[in-house]
Student: 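Quick one: this structure, given as structure tokens, is what I'll be asking you about.
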Amino acid sequence: MSFLSWYKTFEDEAIKFPNKDFVRDHLEAVKEAILSMIEDWKDLAFSWAEDDLVGTVVDENGVQTLRLFRDLSDGYRSMVALVGTIAWRCVRLNPHLGKNAAKESPGIILIDELDLHLHPNWQKRIVGDLKRTFPKIQFICTTHSPFIVQSLEADEIISLDGIVDVNPSSLSLEDVAEEIMGVESPFSIENQKTEEIATKYLEAIDGTEKGTVDVEDPGEKGLEFLGNSNKETELNELEQQISDPVMRAFLQMQRLKYKK
């Protein structure tokens, strides 16, 4: 049974049998778990007219709007369904806990790719949200997100590449990617390529292997540069390989200084 199907049945039963306190308590446990994960939702209910779950959103001015479940992003829908299903199972396994079923039920849950479809802002807090909503459940998750890794303590991480002996929360995202996740460089392939081309460009202007350019005093090199058509051709070809307009403009300025 899908998340929406069982939630619709669950809420329908609570409405039709108002004297059954345990049914209302169980529904409240599920609703509270879902609402604790979605910051801007203040209430939720199933709409038979829309045939969908509807969340009540209140903005900073106190204005209420309704948001349909089907209009949410994939990340929101999957997380609402996941949390709702976990809470529902807590209620089914421990009905005697009533409204506290989600908070008091122990267990172990495996989640593959916790960061799937989640916006980075939610990736930063998803682990904390789950631990707060289900404090007695141990979550074992896989992830490729440095945002999630950064939100963990060192003893909460199992790396297949070795023991993690540093607290990720004390590191920048770049350091998390490089030191903990084994990424050779925290920068994109395109950025690395641009850096390599820019270095070659500056070396060609300067005529050294260090890539340093004395922009204040190029000396006689400027005169030599003007008569070297091969160097001009080389620099033109390197410029064409750089897609970043800011970097291209910077290199052209260095080239002009040597021509002056």
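This chain uses plain numbering: 1 for the first residue, then up along the sequence.
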Student: Treating T142 as the side-chain partner and E113 as the backbone partner, does any N or O pair qualify as donor plus acceptor under 3.5 Å?
Tutor: yes
Student: Once you round to the nearest 0.5 Å, how far does CG of L114 lie from NE2 of H117?
Tutor: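 NE2 of H117 is found 12.5 Å from CG of L114.
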Student: Among residues two or more places apart or on two chains, list those pairs meeting salt bridge (charged side-chain N to carboxylate O under 4.0 Å, His left out) that have a residue in residues 66-83.
Tutor: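 Found D40-R67, E50-R70, D52-R70, D74-R77.
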Student: Can you tell me how far apart CH2 (W41) and CG (L66) are? Round to the nearest 0.5 Å.
Tutor: 10.5 Å
Student: Atom CG of L82 and atom CD1 of I109: how far apart are they, to the nearest 0.5 Å?
Tutor: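 Taking CG in L82 and CD1 in I109, the distance rounds to 7.5 Å.
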Student: About how many Å separate SG of C90 and NZ of K103, when rounded to the nearest 0.5 Å?
Tutor: 11.0 Å
Student: For the residue pair Y76 and W122, is the inter-centroid distance of their aromatic rings smaller than 6.0 Å?
Tutor: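 Yes: the rings meet the under 6.0 Å criterion.
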Student: Rounded to the nearest 0.5 Å, what separates atom NZ in K99 from atom CG in L27?
Tutor: 10.5 Å
Student: Within this structure, what is the CD1-CZ distance for the pair I111 and F139, rounded to the nearest 0.5 Å?
Tutor: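 One finds 5.5 Å between CD1 of I111 and CZ of F139.
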Student: Step by step, would you call Q64 with T56 a side-chain hydrogen bond (donor to acceptor under 3.5 Å, both in side chains)?
Tutor: CA-CA 7 Å; Q64 293 188 359; T56 301; 5.4 Å; no
Student: Between K131 and E156, does any side-chain N to carboxylate O distance fall below 4.0 Å?
Tutor: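 Salt bridge present between K131 and E156.
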Student: Which label fits H26 and F10: parallel for a plane angle under 30°, tilted from 30 to 60°, or perpendicular past 60°?
Tutor: tilted
